[in-house]
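Beneath this line is the structure, given in structure tokens, with notes to follow.
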Amino acid sequence: MKLHEYQSKTIFSKYGIPIPKGRVAATAVEAKHIAEELGGRVVIKSQVLVGGRGKAGGIKLAKDPNEAEQLATQILGMEIKGLPVRKVLVDEAASIDQEIYLGITNDRAAKKPVIMASAAGGVDIEEVAATNPEKIIKVHIDPLLGIRDYQTRDIASGIDLPREYWKSFGEIVKGLWQAYSDNDATLAEINPLVISKDKMVALDGKMLIDDNAMFRHPNLNEMRDLDVEAPSEIEARKYGLTFIKLDGDIGCMVNGAGLAMATMDIIKLFGGEPANFLDIGGGAGADKVAAAMRIILSDPNVKAILFNVFGGITRGDEVAKGILAAMKEVKPTVPMVIRLVGTNAEEGRRLLADADMITAETLADAAKKAVAAAQGA
Amino acid sequence: MKLHEYQSKTIFSKYGIPIPKGRVAATAVEAKHIAEELGGRVVIKSQVLVGGRGKAGGIKLAKDPNEAEQLATQILGMEIKGLPVRKVLVDEAASIDQEIYLGITNDRAAKKPVIMASAAGGVDIEEVAATNPEKIIKVHIDPLLGIRDYQTRDIASGIDLPREYWKSFGEIVKGLWQAYSDNDATLAEINPLVISKDKMVALDGKMLIDDNAMFRHPNLNEMRDLDVEAPSEIEARKYGLTFIKLDGDIGCMVNGAGLAMATMDIIKLFGGEPANFLDIGGGAGADKVAAAMRIILSDPNVKAILFNVFGGITRGDEVAKGILAAMKEVKPTVPMVIRLVGTNAEEGRRLLADADMITAETLADAAKKAVAAAQGA
Amino acid sequence: MSVLVDKNTRLIVQGITGTEGLFHTQQMLAYGTNIVAGVTPGKGGEWVEGKVPVFDSVKKAAETTEANASIIFVPARFAPDAMFEAADAGIPLIICITEGVAVQDMMRVRNYLDQKGVRLIGPNCPGLLTPGEAKVGIIPGDIAIPGNVGVVSRSGTLTYEVLYAMKNIGLGASTCVGIGGDPVNGTNFIDCLEMFNDDPKTEKVVLIGEIGGNDEEKAAEYIANKMTKPVVSFIAGQSAPPGKRMGHAGAIIEGGAGTAEDKINALKSAGVRVARHPEEIAELLK
Amino acid sequence: MSVLVDKNTRLIVQGITGTEGLFHTQQMLAYGTNIVAGVTPGKGGEWVEGKVPVFDSVKKAAETTEANASIIFVPARFAPDAMFEAADAGIPLIICITEGVAVQDMMRVRNYLDQKGVRLIGPNCPGLLTPGEAKVGIIPGDIAIPGNVGVVSRSGTLTYEVLYAMKNIGLGASTCVGIGGDPVNGTNFIDCLEMFNDDPKTEKVVLIGEIGGNDEEKAAEYIANKMTKPVVSFIAGQSAPPGKRMGHAGAIIEGGAGTAEDKINALKSAGVRVARHPEEIAELLK
């Protein structure tokens with residue numbers, strides 16, 4: 001789950017990390033009031049969960065409250081990479097002497113959290129990583145021990161931070177670690193962390209929270225912004241389905257994430273384009289299968305559906321019942337190819353015998369038939 | 001540093017451990033008011049930092065507010081093992097179905113915290129440990145990992161706790177662990193933890209806090225009860241001296257804890273009785289030495305003083321200057337034996353040449369002379 | 001011979017009285033797996049299927065039955081504790097089937113287990129199958145036959161697909177290891193390749209990977225330098241878009257890294273034959 | 001020969017620019033100890049005594065100078081971090097002189113260092129002295145001469161007393177190890193007894209204990225079973241009252257355990273000659 005900049009910075013601030021004075025606004029008038037309170041120049045920042053807000057014109061500097069209102073009106077009317085801007089953050093503007101990158105994420109290879117820092121902050125850190133990896137300092141943290149003071153100094157020294165900032169930088173690194181750790185983040189990032197008039201301030205903030213840890217953080221769950229997800233993905237989550245919308249025309253319903261990917265791949269291999277990733281999970285019953293079918297068919301691009309079910313925990317007869325139930329309800333007009341193998345596949349096939357479906361024995365066969373059906377439709 | 005029962009229980013309560021309703025009172029009238037608020041029977045418990053309060057008559061059951069006032073009057077007038085009772089805790093009385101012991105301390109041999117529990121709570125756990133060690137369950141905690149749920153279940157099962165209490169007991173054990181861990185305790189103990197009307201309640205509580213960790217806990221330092229220490233020990237701490245008053249008549253001033261103990265031992269070996277343990281520490285200067293001398297001489301039992309200084313970091317001339325300064329100030333009338341060896345011992349001896357002191361070469365010689373001086377005085 | 005599990009495996013099932021735990025205990029028993037004990041706190045003293053004793057703790061179960069492996073079916077929020085418990089009880093091999101364990105929990109678990117020298121398979125994995133000897137997990141027993149192909153996979157049903165295609169042309173497996181699709185887990189590809197390399201019964205190896213991370217690239221390096229047996233592979237997710245998590249917590253192309261293309265190229269450079277779709281693996285093994 | 005430190009010790013001083021650190025650096029240099037670097041965060045680039053370079057971190061100091069030991073003189077609240085830093089920098093031998101380290105900190109440090117296989121001496125200890133070769137700590141260099149007696153002690157000045165009494169009758173030490181008086185520390189009596197037992201230069205051993213804990217009792221057991229060299233001992237605190245902490249954080253008789261009497265009896269049963277007072281140790285060694 002992604003947090004907005006203003007949410008991340010509010011959390012950082014609780015851990016003692018200095019952030020600019022400012023507040024979030026949902027209307028231009030509110031933005032004007034905040035600018036009046038703050039006095040001086042302010043930055044109007046669109047709060048959307050995608051990168052590249054600046055380049056898209058979603059971040060603007062206002063010299064006075066009137067300009068703040070005007071710019072907020074403009075930004076609140078925008079869509080950035082398909083996402084509507086519903087809120088803006090109004091922050092006091094800061095003079096910038098240096099921009100630093102500071103982030104904590106999981107290093108899956110090392111099985112440890114890693115703190116990354118660079119004196120070249122403010123830009124795309126992945127690009128720095130690709131082109132100038134030596135400019136990024138990486139320090140791994142023992143997850144059972146937590147961060148140690150000496151590690152914060154190693155980072156400060158590694159990015160050639162002037163010594164007078166070591167202490168305040170150390171507190172910021174420890175604060176960020178605690179924010180990362182307490183909130184089960186998979187990413188906690190300040191970019192840029194700036195030196196402004198001899199003080200360090202986190203100008204921007206980003207946090208990703210581990211969805212698997214949400215049970216520990218009901219308060220964070222309330223911060224979830226549903227705009228970022230397609231409605232069909234939200235609907236799918238309700239039923240415990242993992243669904244990702246794609247641009248093709250062949251709907252897929254598969255049990256298991258790896259097999260679902262492989263099914264998409266084979267569709268492409270035989271010249272088709274998958275319309276989605278959909279994993280109905282292990283042991284999916286009829287209701288789940290029906291919901292999955294409704295979600296796939298809600299996409300007008302879908303010209304054919306490929307069902308690929310390898311029964312293990314999932315039982316073929318249950319899947320068949322789900323398909324029949326969903327067919328009664330949504331009355332699909334697109335051709336459907338089904339391949340059912342494994343546990344109770346026989347019974348499943350028997351149940352579906354009278355349904356208007358194309359059957360297949362192997363995955364390759366099923367994929368070829370689905371591609372042909374979509375192209376013929 | 002020892003915390004009072006009411007302080008410990010207040011801390012435990014913050015960690016979700018159920019404690020009886022109640023409050024602390026400094027006067028009998030207050031105690032009566034608390035009893036009125038609580039209604040029903042109450043327990044009046046003297047708050048002094050020694051064990052055996054019950055046997056000493058410092059814990060009484062009152063059936064109504066008037067009796068509470070009367071008993072509080074009585075208890076607030078007591079001294080228990082030399083300590084005045086300045087406060088009483090007034091707790092609602094609980095019916096007791098079972099008494100459990102639960103404590104966390106440091107196992108120095110294992111280098112790990114250890115949780116101990118026994119179904120035979122409410123009594124002297126050290127006696128249980130000595131006579132029925134199999135009745136005490138011990139579970140070590142990895143200090144880098146912290147407590148795990150399964151360990152709380154192992155303890156519950158180990159003391160044959162009925163299963164319906166495992167969950168609430170687990171929460172109490174985890175709460176106690178967190179209290180121990182967050183507050184740098186060297187002991188966190190609930191004895192007894194009782195089952196009362198199907199609920200678990202911590203009837204008594206005890207915490208010892210690591211003096212070396214006090215810098216992390218200014219709030220705990222404010223809870224320090226100075227009554228428990230002799231005034232001379234408090235005075236000594238001000239000067240960074242470690243002083244413990246004993247019952248003998250030969251005052252000792254030594255640098256180093258081990259050597260100070262050895263000096264006491266040798267006094268005893270040669271028939272004397274040490275009046276104190278006093279470690280002036282490493283590198284003690286004149287002011288510290290003078291303070292140490294004043295503290296020793298404030299004890300009217302002292303009939304002789306033995307100075308044993310092995311110069312390492314501590315310089316003999318500094319010690320000599322301290323002795324001379326203190327002698328001017330307090331004008332001691334008891335004989336003083338001095339043994340000065342090591343760094344700058346020559347200069348020290350020269351400075352003291354004109355002072356009225358008995359000198360010695362070896363520790364054995366010094367001890368013999370001090371014993372003789374004390375007996376001859 | 002085989003790797004990790006065989007007829008001598010003495011298995012504990014943690015969470016044996018839960019829906020999943022009970023169902024798969026029945027399946028494993030039916031397959032002939034030697035389940036010696038189950039654990040459900042608070043249910044010690046009960047019996048499952050009339051022959052598996054239930055204990056309150058792994059420690060008691062292990063002490064009583066001399067178990068040498070434990071499989072975990074408890075819900076995600078309790079799974080870390082279950083792994084710590086098994087490790088502290090001295091179990092040398094832990095298989096965690098549970099899906100959805102928080103990643104910071106897994107980092108703590110993994111670092112702790114490494115200290116203790118405990119081998120972990122999973123979490124979020126289908127477990128192990130040594131056909132004809134032991135089924136320790138949820139891989140359907142009837143889709144594989146004994147043979148000389150070692151199979152290691154990050155995926156569940158995709159593995160079944162491959163085992164089934166192999167069976168259909170008469171190819172059997174020595175052991176199939178489902179290592180799971182989480183970003184931080186226990187045993188990895190290289191661990192399994194080493195074991196298969198050393199296992200006299202294994203003659204060929206199948207490696208089933210997917211997008212995300214760089215374990216396949218590292219496996220390719222190992223294969224190029226150390227592997228003496230032929231390896232056939234399939235990588236899922238060639239059509240997956242970057243930045244979208246494809247079901248498995250670890251299956252995501254992040255910052256341009258972890259693409260199927262990179263992995264396939266690395267494997268091909270190491271001399272691995274890479275199938276274009278899962279059923280083709282069986283063909284390439286012939 | 002000697003144990004732990006000798007002419008080949010390449011020492012880092014952590015906290016080298018502090019009052020204590022600087023004073024003892026001067027003393028150690030004067031003794032001839034090979035101090036290769038100092039560490040004070042924020043003072044990297046400076047020099048101490050014109051010949052010891054100061055670094056910002058132990059890692060940099062160790063990489064630059066190939067140090068193989070580090071001694072810590074930083075204040076108690078920073079000492080745990082200093083120990084973690086030295087261990088993470090790969091230093092195999094850490095000596096922590098600092099007094100007053102919190103016990104929960106020490107439990108974390110000790111468990112972490114054990115995982116890494118790092119040897120710790122202290123904290124709250126006078127360090128090490130191998131007369132004529134290396135002084136790594138605060139034991140005055142002129143109170144001991146080279147010889148064949150290994151000395152291990154929980155106390156500071158009490159050890160000086162013994163070394164001095166030995167010197168006065170011409171007895172020298174192979175190495176003197178001050179293990180410190182804290183309840184949770186690094187190297188213990190048995191570790192040192194083992195090293196002395198294996199050290200060809202050491203012919204006799206002095207063990208100086210005190211009240212508190214049961215390390216002396218365990219040492220006695222080791223001596224009875226394994227020790228091939230004669231051991232002489234002194235235990236401080238025979239006159240100490242129970243429940244009072246005698247200066248050292250570990251010197252306390254708790255719940256009737258840890259008395260001098262118990263320790264003396266255990267040692268005597270193990271064939272150790274126990275002196276009645278410290279100076280008598282020298283006599284018993286003759």
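Lettering of chains follows the sequences in order, A, B, ..., and the numbering in each one begins at 1. Owing to the predicted nature of the structure, the values given are computational and were not obtained by experimental measurement.
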Using a cut-off of 6.0 Å, state whether more than 12 heavy atoms not belonging to [X] lie near its atom [atom1].
{"X": "Glu221(C)", "atom1": "CD", "result": "no"}
{"X": "Lys135(A)", "atom1": "NZ", "result": "no"}
{"X": "Glu189(A)", "atom1": "CD", "result": "yes"}
{"X": "Glu194(C)", "atom1": "CD", "result": "yes"}
{"X": "Glu361(A)", "atom1": "CD", "result": "no"}
{"X": "Asp247(A)", "atom1": "CG", "result": "no"}

Top residue by heavy-atom pair count (under 4.5 Å) with chain C, among [options]?
{"options": "Val254(A), Asp279(A), Asn255(A)", "answer": "Asn255(A)"}
{"options": "Thr242(A), Asp211(A), Asn106(A), Val309(A)", "answer": "Asn106(A)"}
{"options": "Gly342(A), Gly311(A), Ala367(A), Ala364(A)", "answer": "Ala364(A)"}
{"options": "Ala257(A), Gly248(A), Ala213(A)", "answer": "Ala257(A)"}
{"options": "Ala110(A), Pro274(A), Ala262(A), Ala109(A)", "answer": "Ala262(A)"}
{"options": "Gly256(A), Pro143(A), Pro113(A)", "answer": "Pro143(A)"}

Quiz item: Atom CG of Leu144(A) and atom CE of Met107(C): how far apart are they, to the nearest 0.5 Å?
Solution: 10.5 Å

Self-check item: CG-CG distance between Leu259(A) and Leu158(C), expressed to the nearest 0.5 angstrom
Solution: 6.0 Å

What part of [X] gets within 4.5 angstrom of chain C, counting heavy atoms only: side chain, backbone, both, or neither?
{"X": "Val341(A)", "value": "side chain"}
{"X": "Tyr180(A)", "value": "both"}
{"X": "Thr186(A)", "value": "side chain"}
{"X": "Asn308(A)", "value": "side chain"}
{"X": "Ser181(A)", "value": "both"}
{"X": "Leu269(A)", "value": "side chain"}
{"X": "Lys111(A)", "value": "both"}
{"X": "Leu246(A)", "value": "side chain"}

Quiz item: Which heavy atom in Asn111(C) sits nearest to a heavy atom in Lys112(A), and how many Å separate them?
Solution: OD1-NZ, 3.2 Å

Self-check item: Where Gly258(A) and His248(C) come nearest, the two heavy atoms and their spacing
Solution: N-CE1, 4.0 Å

Self-check item: Toward chain A, the part of Ile235(C) with a non-hydrogen atom under 4.5 Å
Solution: backbone

Exercise. Would you mind checking which part of Phe234(C) comes under 4.5 Å of any heavy atom in chain A, side chain (CB onward), backbone (N, CA, C, O), both or neither?
Key: side chain

Count the heavy-atom pairs under 4.5 Å between each of [options] and chain A, then report the option with the highest count.
{"options": "Ser155(C), Gly237(C), Pro278(C), Gly247(C)", "answer": "Gly237(C)"}
{"options": "Gly250(C), Ser153(C), Pro140(C), Ala257(C)", "answer": "Gly250(C)"}
{"options": "Gln27(C), Glu20(C), Arg77(C), Gln115(C)", "answer": "Arg77(C)"}
{"options": "His277(C), Gln104(C), His24(C), Met106(C)", "answer": "Gln104(C)"}

Self-check item: Contact listing (chain A partner; residues 159-169 of chain C; heavy atom under 4.5 Å)
Solution: Tyr160(C), Glu161(C), Tyr164(C)

Quiz item: Which of residues 209-217 of chain C have a heavy atom under 4.5 Å from any heavy atom of chain A?
Solution: Glu210(C), Ile211(C), Gly212(C), Gly213(C), Asn214(C)

Quiz prompt | Pairs touching residues 234-251 of chain C that satisfy salt bridge (charged side-chain N to carboxylate O under 4.0 Å, His left out), sequence neighbours left out | solution = Glu233(A)-Lys244(C)

Quiz item: Can you list every salt bridge (charged side-chain N to carboxylate O under 4.0 Å, His left out) pair that touches residues 101-118 of chain C, not counting sequence neighbours?
Solution: Arg216(A)-Asp105(C), Asp88(C)-Lys116(C), Asp105(C)-Arg108(C), Arg110(C)-Asp114(C)

Quiz item: Would you say the side-chain atoms of Asp210(A) pair up with the backbone N or O of Ala102(C), donor to acceptor, closer than 3.5 Å?
Solution: no

Exercise. For the residue pair Ser239(C) and Asp265(A), confirm or rule out a side-chain donor-acceptor distance under 3.5 Å.
Key: yes

Quiz item: Does Gln238(C) reach the side chain of Met261(A), with side-chain heavy atoms less than 4.5 Å apart?
Solution: no

Quiz item: Is any side-chain N of the basic residue among Glu279(C) and Lys368(A) closer than 4.0 Å to the acidic one's carboxylate O?
Solution: no

